[in-house]
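Below: one structure, written as structure tokens.
Not measured: the values here are computed from a predicted model.
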Amino acid sequence: MAYQWLKVLVAILTTNAISELLINWEISLGKPLAKSTFMHITAFLFLGINLVITYFALQRHPLWDWMLEHTQHSNPSKTKGGNSSEETKRLLKQFMQQLNNQQWFKEEAGFTIAMAARALNIPQRQLSEAINAETGLSYSQLMNKRRVEEAVTMMSEHPEKSLTAVMYEAGFRTKSSFNREFSRVTGKSPSEYQQLKHSIQSV
């Protein structure tokens, strides 16, 4: 994931450098900056980049989740030698209790790892390391796994609910992220899983 982010960053920086060179070339030919063709192209290009980033955020794209998780550090310090096994278990248990009791995974705007760390009054890096050490998942993966579990429960207990209703009530905001994460966790799409449950219940 870090390599993907590096490629995106390099592409943006390269685009910016080329754009500046072309704009300066136009200016050197005597063309006013306000009438620079490449100036307008660059403006539209970076508008497009911002729209793509916004789209990734709304889709909860794994790249966006990785960016959030590695740039929002409320306290970058670590205990010497890392967290002990007992400490990571305790932190994960504390986190999961609050996650389920407060239903953070259903927060409409998304409950970031920084927000969770503040709520638990622990360093963000420490929480991230505890989750990864005990589950093998990132914070965003664990949150999505919990949303999928909630969706599965709703499908079993309320088979009359539409998939759209299940999606929103479980904490997902878009159909694409719902389908992607549901398939990743269960191995089936939401519609396939729902059909399977209906066929079992009808027997």
Neighbour count >12 (heavy atoms, 6.0 Å) for atom NZ, Lys145: no
Would you indicate whether Asn121, at its atom CG, is surrounded by more than 12 heavy atoms from other residues, nucleotides or ligands within a distance under 6.0 Å? no
One should read off an interatomic distance between Ser85 OG and Arg90 CZ, to the nearest 0.5 angstrom, of 12.5 Å
Does the side chain to side chain donor-acceptor pair (under 3.5 Å) test come out yes or no for Ser156 and Thr153, once each step is laid out? CA-CA 5 Å; Ser156 298; Thr153 299; over 6 Å; no
Output, in order, the C-alpha distance, side-chain angles, deciding distance and verdict of side chain to side chain donor-acceptor pair (under 3.5 Å) for Arg146 and Asn100. CA-CA 9 Å; Arg146 184 64 188 85; Asn100 293 318; 2.6 Å; yes
When rounded to the nearest 0.5 angstrom, what is the spacing between NZ in Lys106 and CZ in Phe172? 12.0 Å
Give the cluster check for Leu137 versus Leu99: same hydrophobic cluster or not, with ILVMFWY residues linked at side-chain heavy-atom distances below 4.5 Å. yes
Take Phe95 and Ile122 through the test side chain to side chain contact (heavy atoms under 4.5 Å, CB included) and record every step on the way to the result. CA-CA 10 Å; Phe95 168 72; Ile122 59 175; over 6 Å; no
Does Ser189 offer a backbone N or O that forms a donor-acceptor pair with the side chain of Glu192 under 3.5 Å? yes
Any luck finding a side-chain donor-acceptor pair between Ser162 and Thr164 under 3.5 Å? no
Distance-only polar pair, side chains of Thr174 and Ser177, donor-acceptor under 3.5 Å: yes
Whether Lys89 and Glu86 form a salt bridge (side-chain N of Lys/Arg under 4.0 Å from carboxylate O of Asp/Glu) is what I want to check. no
Approximate separation, where rounding is to 0.5 Å, of Met167 CE and Arg147 CZ: 12.0 Å
Heavy-atom distance under 4.5 Å between the side chains of Met115 and Trp104, does that happen here? no
On a heavy-atom basis, which atom in Tyr193 and which in Met155 lie closest, and how many Å separate them? CD2-SD, 3.5 Å
Mind checking the OG-CZ spacing from Ser140 to Phe111? Nearest 0.5 Å is all I need. 15.0 Å
Are the side chains of Leu163 and Ser191 in contact, using a 4.5 Å heavy-atom criterion? yes
Given side chains that start at C-beta, do those of Lys161 and Glu169 come closer than 4.5 Å, heavy atoms only? yes
For residues Gln194 and Val166, determine if any side-chain heavy atom of one lies less than 4.5 Å from a side-chain heavy atom of the other. no
Got Leu92 and Ile131 here, is their nearest side-chain heavy-atom distance under 4.5 Å? yes
Is the closest side-chain heavy-atom distance between Leu91 and Glu134 below 4.5 Å? no
Say you draw a straight line from CD of Gln98 to CG of Leu120; how long is it, rounded to the nearest 0.5 Å? 6.0 Å
Given side chains that start at C-beta, do those of Asn144 and Phe182 come closer than 4.5 Å, heavy atoms only? no
For a 4.5 angstrom cut-off between non-hydrogen side-chain atoms, does Gln126 reach Glu87? yes
Taking it one step at a time, do Thr88 and Glu129 satisfy side chain to side chain contact (heavy atoms under 4.5 Å, CB included)? CA-CA 8 Å; Thr88 58; Glu129 290 174 349; over 6 Å; no
Distance check, rounded to the nearest 0.5 Å: Asn132 atom CG versus Leu127 atom CG? 11.0 Å
